[in-house]
Amino acid sequence: MLQSRSAPTPSLHFPESPTRPEHAGDYSEVVFSAAGEVERPAPDADLAAFRDHAGRLIRVLDDEGRACGPWAQPSDPQALRNGLRAMLKTRAYDARMVRMQRQGLTSFYMQCTGEEAIACAFQAALAKGDMNFPTYRQQGLLIAQDWPLVDMMCQVLSNAKDRMKGRQLPVFYSAPDAGFFSISGNLGTQYVQAVGWAMAAAIHGARKIAVAWIGEGATAESDFHAALLFASVYRPPVVLNVVNNQWAISSNQAVAGGAQSTFAARAQGYGIPSLRVDGNDYLAVRAVGDWAAARARNNLGPTLIEFVTYRVAPHSTSDDPSKYRARNDQSAWPLGDPIDRLKMHLIGIGEWSEERHVALQAKLEAEVSQAAAEARSYGTLHDGPKASPATMFEDVFKEAPWHLREQRQALGY
Amino acid sequence: MLQSRSAPTPSLHFPESPTRPEHAGDYSEVVFSAAGEVERPAPDADLAAFRDHAGRLIRVLDDEGRACGPWAQPSDPQALRNGLRAMLKTRAYDARMVRMQRQGLTSFYMQCTGEEAIACAFQAALAKGDMNFPTYRQQGLLIAQDWPLVDMMCQVLSNAKDRMKGRQLPVFYSAPDAGFFSISGNLGTQYVQAVGWAMAAAIHGARKIAVAWIGEGATAESDFHAALLFASVYRPPVVLNVVNNQWAISSNQAVAGGAQSTFAARAQGYGIPSLRVDGNDYLAVRAVGDWAAARARNNLGPTLIEFVTYRVAPHSTSDDPSKYRARNDQSAWPLGDPIDRLKMHLIGIGEWSEERHVALQAKLEAEVSQAAAEARSYGTLHDGPKASPATMFEDVFKEAPWHLREQRQALGY
Amino acid sequence: MPRGTMIEAIRDAVDVMIARDERVVTFGQDVGYFGGVFRCTEGLQKKHGPHRCFDTPISETGIVGIAVGMAAYGLRPVAEIQFADYMYPAYDQIVSEAARLRYRSAGDFTSPLVIRMPCGGGIYGAQTHSQSPEALFTHVCGLKTVIPSNPHDAKGLLIAAIEDDDPVIFLEPKRLYNGPFDGHHDRPIVPWSKSEHGELPEGYYTVPIGKASVQRAGADVTVLAYGTMVHVAEAAANETGVDAEIIDLRTLVPLDIETIVTSVSKTGRLVIVHEGTRTSGFGAELAAEVQERCFYHLEVPIQRVTGWDTPYPHALEWNYFPGPDRVGRALLKAMEA
Amino acid sequence: MPRGTMIEAIRDAVDVMIARDERVVTFGQDVGYFGGVFRCTEGLQKKHGPHRCFDTPISETGIVGIAVGMAAYGLRPVAEIQFADYMYPAYDQIVSEAARLRYRSAGDFTSPLVIRMPCGGGIYGAQTHSQSPEALFTHVCGLKTVIPSNPHDAKGLLIAAIEDDDPVIFLEPKRLYNGPFDGHHDRPIVPWSKSEHGELPEGYYTVPIGKASVQRAGADVTVLAYGTMVHVAEAAANETGVDAEIIDLRTLVPLDIETIVTSVSKTGRLVIVHEGTRTSGFGAELAAEVQERCFYHLEVPIQRVTGWDTPYPHALEWNYFPGPDRVGRALLKAMEA
Ligand SMILES: Cc1ncc(C[n+]2csc(CCOP(=O)(O)OP(=O)(O)O)c2C)c(N)n1
Ligand SMILES: Cc1ncc(C[n+]2csc(CCOP(=O)(O)OP(=O)(O)O)c2C)c(N)n1
Ligand SMILES: [Mg+2]
Ligand SMILES: [Mg+2]
């Protein structure tokens, strides 16, 4: 069957960012829902119960900071204050590390500004023994557990106390005791590994769950498909998290296929229940995290969660978003700031105040400063003690074979 | 949040085939619909219009061989007789090639028995200049175009007239003039190439479409994901075909994730319209093929089609399905045989008869025999003329560099 | 000593290890119910259950990806890639992940997995069922690469690989599955049960990774070979009458450099044989190392007899395969100078 | 002659070819609007439109997969992989498809594409922004592998690569993007505008694929190098005073064996330098070929100065990098014997 004479000229669609430096910021296309509007399915509901969730947005906090709807959990002010503290501390940590990078104390840094609620609230849904397979933007998972900042900083500074022995790029932490898997520089690879880890836990009957993390840009990688498929087939205790912060370096989420369907929708094509959540709403993230973790723990199989958020900071310290984003891009973002929103909620329920907030902020900044001073005392990338060159040849294998010993000797060690 | 004490012991789900040699065949789980039941969306309908199609089955021929429902096209008896002829010829060709392989005239062969309708009817929807990216089970695409059998056989026999110069495994044809892309031994790779080819056609404004082919087992490969994603993002003129013949060597489609959702459903997760079709119903395949090809030609973007069928034959001549399938597996298959069904339809509308059928069969077998005799006269894998060893060093590059010339000389050529 | 095939050897090794060590699991395409297209895991699912031996989707990325996750958890996965030619979709997980996990995490996480894959030609498998991609593994630091040439070694090396704390690539020359093969494709097939190299001890034992074996002692020329080529080299030595010392490397990384240097220092002549393509093949590494270490002992140039720099062709398989004739000519040439 | 950076050279080459040849398109992650993280395609989308220069999803599999399909259609795709370290997900499409399409279809279909990727260390990029995986391409028959060491060659070779009818892997030493680099990381950075090697002719021209260039003539030792190491070798020769002949290979496959053999036959001494890991690196192939062809001319063992067999570390970058000191010691050692 040939096309009719009137068939349109063939052409391709090239997805474009809604906004570029020459425009005003515009996120009016982001699909969202009013707070409290989206139902909470039974954890063992049929896939059909999730169909609409892929196109909507679970939100608990409304514009006035009130918790509402079926995803609002019984209030636990202390837990929420802990969450606020974790987010504030993460932000203070990021700010300090960027400064240290600018001072030339290390080569590189990556912030999670604006996305703090996701890692901080999700971590609260996890238990000792669970394992996160994070990306470079989930430092909040460590900070929410009060993992020693000095330890993190020493990794960033590649100094003598860097447990990674200066091998990894800054922010590529590893902390088995915190359920934090070693970060890979290769996007996506850890997503399917999390599925394998969860399979192993289930094979051995261990009551542990795995959590996979990926950016919306990296869902394009092959490992994302493999992870969804294997999770669908074997139904291991894994939660598959997608952090959609709208940007992958310079390319908008539309380039990752976000304009044709949501990232949550991907999972349903594999028969995996999925939810889409306001990632700047601490209460929503926590509620959905609890829900998905419980599903995994109760052998009900994998869940995919798309967290909708916004990357406030540059991609990394090597990046300059003024080259590709609208100048007022951030202010056009409709879902606000996670810290401001949780603060408003806590103040609204009478469990927080401006004064306590300012005091906490100051205390955390002091804590971060003190940690920074201590970390610096162990050296920095270009200055002071660091791992001996002899260590470069360790851990390639459990024991260095002759050729690595020879090479070490050739280097003079 | 920890699991309750009563949480079930973690365990994995291991998909199993519904049937194994120790059982009776059983395909009652195959989701299907009555003939004529499934709607025909407008080619430019919204994705929402396709939602249900992923879980249903477009069928035109009912059990009595009558064409019914919105997908039934105006009857064209001559076109249908051509289709019947193509399917019969394909089956006769397969039977003969298996025999030649058993006679030791070549190393290997792969049949498409039971799946003939898919390639034969789909090819009828295509135009000169379109390009198929087939798997090893789409010989029907060539035969439906009356591509010379001798040419195909010479490839299978790796003889002196094999245009592939004996390089490829039997059945890995290549025929640019027939819109038949060179077959790769690596599953899935060609799926995304088809998307690239269609992008190229659109970039140059050429009115050509690409057709990607893959087995349900191979949808697990990474290239399937890449193809769907790039097709979703750039919307090129491509039709994405999945042939779900229930088996991938010894593993049932459930191992490929077919139990949790259909292969048609995958596409909708990427925002690509998809349909699920009775692959043993020549009329349904033709109707859906026309429909999807028209969408592509009219710049309406990609379509994914899942063809539901059954692999009657062993995977290849190296395979022995009695080791992993129920003895009566085929008879449990509910969608019948494509040749029988089209024949019944044609007889039903008074356009065919048992006598003409028997006569045609005999004629085609004679044609195949004659071609086989001719092909054998040009040599076989182990006997008679074949490509000179000097040709082994050609086509690695356009011009052989010195090292390949040296190697050729070292071999004595 | 009982005899057995290489297939039985591999099956035995996995069977023994699943029974001994609750961390061992095996999986891959068609590996579970069916037992693999070469039947290397036949019966294991029935014996040990699907949680120890199971089918996977056709995704090499996924197969190795879950293996890395499982190994990081503490299991000892033995993943099968159906043919070495199909390992490429898994290459990222192998190179960027399995090989580097211990290093990048300074030992926090490790990846003690085994990836088995049939390799090599000789079965008319054409370009996608015949490849020998060992050099693509030997170049990657953090991987051990093993390739046995007989049932005894296959079983002992595979058990050692499973017990090894590092990721091991385990290449199985498929033409050796059912019998030794010396490259004389036109002669009757010899089964392992009829071969002196067919010994297959029962139960648990290991063959150490990193140790070569001298397949045939000799005084005049050293031959470095592995997999199928060990048998081809032996045939070539016997047929030419050259007193060759044939070293079966068994492990490519870490290499048994001592055995190699000792032999070449003695013979002063070296022929390297492999089936993989020539340019940047593993023979290049062997030649580079030996010329540096044995420079003043070498009497003639080191020769490489290898697969050609072309894809493995179907009909011309035996023109591609570096058979005893080509190896024999190299031996004679080494003796000429 | 005007001067320019290597980034400008690459951008120029693509720009010239998009303008000259309607078949040329370029794409990759961040390549379109932004112009690539190293800005090699900056301005091209604006100038030529999104159908000639566009952003892709973060899928190397997909990037090379569509490139193969486009090339088969008749286009001349120039695909960018953001860092060579991220080429592994595309490796299957490169090895099994791009490299073999012409062969397996006996010329029915071809794959004239270019895959550009920044490689090498020296920017504190650690293990996933520093790799030199050239040997993983040179082992694959059907691929041409090119690596320039200066802007002039980068532009001319890239234009030649785009015009080439075979698939070309185009490696760009990222440490050379903005200036030559001789390994003295503690000295001030020299921009290309200040370097005698910074010449960048305007408009269309080609540098032939398969031809090496003698970067520095000399009588005593031959040095084979490519990319960044050409400059390191030059510094080492100048600093040690060894009269080295430095050959910039420019193309690894097909190799300019004639130039190499001529030089080694003259000097009798050879040092091979590369940044990639040692075992099975491209240096092994060079050593193997040269020892065979120049055996009777060689006066000392061929040495390889390479990256260590470890991942590229972050803090210890300069202990990993084979700098002028290590190369210099090899030169002196070559002169000793
Ligand atoms: C395999 C691979 N390809 C490319 C890159 C380069 N890269 C690093 S981060 C990045 C963008 C990722 O975006 P996204 O997944 O959305 O995460 P985000 O940075 O927004 O958190 C890219 C392309 C990489 N690290 N790995
Ligand atoms: C990358 C890759 N992995 C594995 C194989 C081996 N293999 C060949 S055919 C096949 C089964 C394919 O099943 P399916 O896709 O359902 O197609 P069908 O044979 O049923 O037509 C497998 C596993 C391969 N050819 N390529
Ligand atoms: Mg992002
Ligand atoms: Mg199938």
Side-chain angles (χ1 to χ4, degrees), chain B residues 11-12 14-17 20 106-108 157-159 162 164-170 172 184-189 215 217-224 248-252 255-257 315 318-319 323-324 381-382 386-389 391-396 401 403-404 407-408 410-411 413, chain C residues 27 29-39 42 45 49-51 53-63 65 82-83 85-86 88-90 92 123-131 186 277-279 305-320 322 326 329-330:
Chain B
S11 70
L12 289 184
F14 291 101
E16 239 318 305
S17 162
R20 289 299 192 188
T106 191
S107 59
F108 181 81
L157 297 177
S158 284
N159 64 19
D162 171 13
M164 305 299 105
K165 302 184 184 168
R167 291 176 187 154
Q168 285 268 63
L169 210 59
F172 286 23
S184 171
N186 301 71
L187 292 173
T189 46
T219 61
E221 292 287 4
S222 303
D223 309 274
F224 178 71
I249 310 186
S250 75
S251 60
N252 183 267
V255 175
H315 173 71
S318 311
D319 181 41
K323 290 240 163 42
Y324 57 78
L381 177 60
H382 302 294
K386 63 174 88 158
S388 152
T391 64
M392 189 163 64
F393 301 93
E394 293 167 5
D395 297 324
V396 177
H403 64 285
L404 282 165
Q407 292 177 24
R408 191 188 65 218
L411 185 62
Y413 291 88
Chain C
F27 48 86
Q29 294 156 24
D30 302 291
V31 157
Y33 183 92
F34 185 53
V37 293
F38 288 106
R39 326 312 314 280
E42 193 185 356
Q45 179 175 83
H51 61 300
C53 175
F54 58 89
D55 284 330
T56 63
I58 305 175
S59 163
E60 292 77 12
T61 309
I63 291 170
Q82 200 161 78
F83 287 85
D85 318 58
Y86 304 139
Y88 303 103
D92 188 34
I123 62 157
Y124 283 105
Q127 57 174 341
T128 56
H129 302 85
S130 306
Q131 295 170 32
D186 40 6
T277 51
R278 179 182 180 87
T279 300
V305 183
T306 70
W308 309 117
D309 282 323
T310 79
Y312 219 116
H314 178 243
L316 300 170
E317 171 147 88
W318 300 115
N319 298 99
Y320 183 94
R326 277 176 61 203
R329 272 186 284 143

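Just so we're on the same page: letters track the sequence lines, and every chain starts at 1.
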Quick check on [X] against chain B: is it the side chain, the backbone, both or neither that has a heavy atom closer than 4.5 Å?
X	value
C:Tyr320	both
C:Glu60	both
C:Glu42	neither
C:Thr310	both
C:Pro50	both

(Q) Going by the rule ring-ring contact (aromatic ring centres under 6.0 Å, His included), which residues pair with C:His51 if we only count those two or more places apart in sequence or in a different chain? (A)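 So C:His51 forms no ring-ring contact (aromatic ring centres under 6.0 Å, His included) with any residue.
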Hey, which of [options] has the most heavy atom pairs under 4.5 Å with chain C?
options	value
B:Pro170, B:Gly215, B:Ser17	B:Pro170
B:Ile249, B:Val396, B:Asp319	B:Ile249
B:Met392, B:Arg408, B:Lys386	B:Met392

Against chain C, label [X] side chain, backbone, both or neither, depending on which of its atoms sit under 4.5 Å from a heavy atom there.
X	answer
B:Ser318	neither
B:Glu16	side chain
B:Ala218	backbone
B:Leu411	both
B:Phe14	side chain

To the nearest 0.5 Å, how far apart are [atom1] in [X] and [atom2] in [Y]?
X	Y	atom1	atom2	value
C:His314	B:Thr106	NE2	OG1	5.0 Å
B:Ser251	C:Tyr33	OG	OH	13.0 Å
B:Thr219	C:Ile58	OG1	CD1	8.0 Å
B:Lys165	C:Leu316	NZ	CG	11.0 Å
C:Gln127	B:Leu169	CD	CG	9.0 Å
C:Arg39	B:Lys323	CZ	NZ	5.5 Å

Minimum-distance pair of heavy atoms, taken over all atoms of [X] and [Y]:
X	Y	answer
B:Ser250	C:Phe34	OG-CB, 3.2 Å
C:Ala126	B:Gln168	CB-C, 4.2 Å
B:Asn186	C:Asp85	ND2-O, 3.5 Å
B:Phe172	C:Thr128	CE2-OG1, 4.5 Å
B:Ala410	C:Arg329	O-NH1, 3.9 Å
B:Ala220	C:Pro57	CB-CB, 3.7 Å

Q) Once the angle between the rings of C:Trp308 and B:Phe393 is folded into 0 to 90°, is it parallel (under 30°), tilted (30 to 60°) or perpendicular (over 60°)? A) perpendicular
Q | Parallel, tilted or perpendicular: rings of C:Tyr124 and B:His382 (30°, 60°) | A |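 If you compare the ring of B:His382 with that of C:Tyr124, the planes turn out perpendicular.
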Hey, does [Y] have a side-chain heavy atom less than 4.5 Å from the side chain of [X]?
X	Y	value
C:Thr56	B:Val255	no
B:His403	C:Asp309	yes
B:Arg167	C:Pro311	no

